[in-house]
Amino acid sequence: MRCKRFDGGELLVRIDHGEDVLATLVKALTQEGVFAGSFSAIGAVSVAQLGLFDPETKAYVKRTFAGPIEIVSLSGNICKADDGGAFIHPHAVISDRQMQSFGGHLFKAIADPTCEVCVYPWQGNVGRALDPRTGLKLLDL
């Protein structure tokens, strides 16, 4: 992983081959002190796991994809985790060899060869709080 900070506060993160995209991004955000913001990314991965939240069962239906896989779009928001580090809520659209696209909540992705992330920090911090209706931790605004 490599990071570059810009004068406006924006952060560019390059996630390298074999690195876990989500864990590496959280590590970079925590090291850089970014606990509120949004991000977008492109790249490619060797494996990806997407999910869809089913409100009736209050559980995610997950599907794993084997590469090569293009990340057509990866976006999400950033807030402060309960442990004091960064927490991300990532959604992705991916494409396979047949150029079929799939999308959902991103649970897992391994960079192959890279994932390039643009981070847009917000002033201050944002957390999450448990919503009893959904059973999810939603933005605490």
Side-chain angles (χ1 to χ4, degrees), residues 1-6 8-141:
M1 164 197 45
R2 291 187 151 188
C3 297
K4 180 176 182 175
R5 199 76 181 245
F6 293 87
E10 304 88 357
L11 178 67
L12 189 58
V13 181
R14 186 186 80 195
I15 301 171
D16 295 321
H17 180 271
E19 291 183 313
D20 181 305
V21 171
L22 303 179
T24 303
L25 180 55
V26 166
K27 180 180 177 182
L29 294 168
T30 300
Q31 287 176 350
E32 293 289 328
V34 178
F35 303 111
S38 62
F39 63 90
S40 63
I42 57 170
V45 296
S46 59
V47 65
Q49 184 179 58
L50 298 174
L52 168 78
F53 184 74
D54 183 337
E56 288 185 24
T57 63
K58 295 187 178 176
Y60 279 90
V61 177
K62 297 179 183 178
R63 182 172 171 192
T64 301
F65 301 84
I69 299 165
E70 280 290 324
I71 298 173
V72 177
S73 177
L74 169 57
S75 62
N77 57 43
I78 305 158
C79 66
K80 195 163 195 173
D82 293 338
D83 67 4
F87 176 88
I88 59 173
H89 185 177
H91 282 215
V93 177
I94 61 171
S95 177
D96 65 13
R97 282 185 185 270
Q98 291 73 40
M99 307 298 175
Q100 293 178 314
S101 295
F102 303 90
H105 182 94
L106 184 64
F107 283 96
K108 179 180 177 119
I110 304 299
D112 184 9
T114 190
C115 182
E116 300 166 339
V117 186
C118 301
V119 179
Y120 310 98
W122 302 329
Q123 296 295 319
N125 293 322
V126 176
R128 290 189 169 268
L130 184 63
D131 175 52
R133 187 182 65 77
T134 62
L136 296 170
K137 283 190 168 185
L138 304 180
L139 287 174
D140 189 16
L141 303 176

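Listed here is the closest heavy atom pair of Ile71 and Ala41: CG2-O, 4.1 Å. Considering every non-hydrogen atom in both Gly124 and Ala36, the closest pair reads O-CB, 3.4 Å. Pro121 and Gly9 get closest at one heavy-atom pair: CG-O, 3.1 Å. Here the closest heavy-atom approach between residue Ala111 and residue Val21 is recorded as N-CG2, 3.8 Å. The shortest non-hydrogen separation linking Pro90 to Leu74 is CB-CD1, 4.0 Å. Contact record, Cys118 with Leu12: SG-CD1, 3.7 Å, taken as the closest heavy-atom pair.
Between the Asp131 side chain and the Gly135 main chain, no donor and acceptor come within less than 3.5 Å of each other. Remark: the backbone N or O of Ala86 is paired with a side-chain donor or acceptor of Thr30 at under 3.5 angstrom. A donor-acceptor pair under 3.5 Å links the side-chain atoms of Glu19 to the main chain of Met1, judged by distance alone. A donor-acceptor contact shorter than 3.5 Å links the side chain of Thr114 to the backbone of Ile15. For Glu32 (side chain) and Leu29 (main-chain N/O), no donor-acceptor pair under 3.5 Å exists by modelled atom type.
Between Trp122 and Ser38, the closest side-chain pair of non-hydrogen atoms falls below 4.5 Å. At least one side-chain heavy atom of Arg97 sits under 4.5 Å from a side-chain heavy atom of Pro68. Side-chain contact between Val126 and Phe35: absent, with no pair of heavy atoms (C-beta onward) separated by less than 4.5 Å. Side-chain contact between Val34 and Arg5: present, with at least one pair of heavy atoms (C-beta onward) separated by less than 4.5 Å. A heavy-atom distance below 4.5 Å is not found between the side chains of Phe65 and Val47. The shortest side-chain heavy-atom distance between Ser40 and Val117 does not fall under the 4.5 Å cut-off. Within the 4.5 Å cutoff, no side-chain heavy atoms of Leu50 are placed close to those of His91. Residues Leu106 and Leu22 are in side-chain contact: their nearest non-hydrogen atoms beyond the backbone lie under 4.5 Å apart.
Taking the ring centroids of His105 and Tyr60, they lie under the 6.0 Å cut-off. Taking the ring centroids of Phe39 and Tyr120, they lie at or beyond the 6.0 Å cut-off.
Checked for salt-bridge contact, Arg2 and Asp16 miss the test: no charged N lies under 4.0 Å from a carboxylate O.
The distance from the SG atom of Cys79 to the CG atom of Asp140 is 9.5 Å, given to the nearest 0.5 Å. To the nearest 0.5 Å, atoms CD1 (Ile42) and CD (Glu70) are separated by 8.5 Å. Between the CG atom of Leu138 and the CZ atom of Arg133 there is a distance of 8.0 Å, given to the nearest 0.5 Å. Atoms CD1 and CG, on Ile69 and Asp96 in that order, are 8.0 Å from each other to the nearest 0.5 Å.
The number of heavy atoms from other shown groups lying within 6.0 Å of CD (Glu56) does not exceed 12.
Judged by the 6.0 Å and 45° rule, Lys62 forms a cation-pi pair with Phe107. A cation-pi contact, defined as under 6.0 Å to the ring centre and within 45° of the axis, is absent between Arg128 and Phe87.
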Stepwise side-chain contact (heavy atoms from CB on, under 4.5 Å) test for Cys3 and Leu11: CA-CA 7 Å; Cys3 297; Leu11 178 67; 4.0 Å; yes
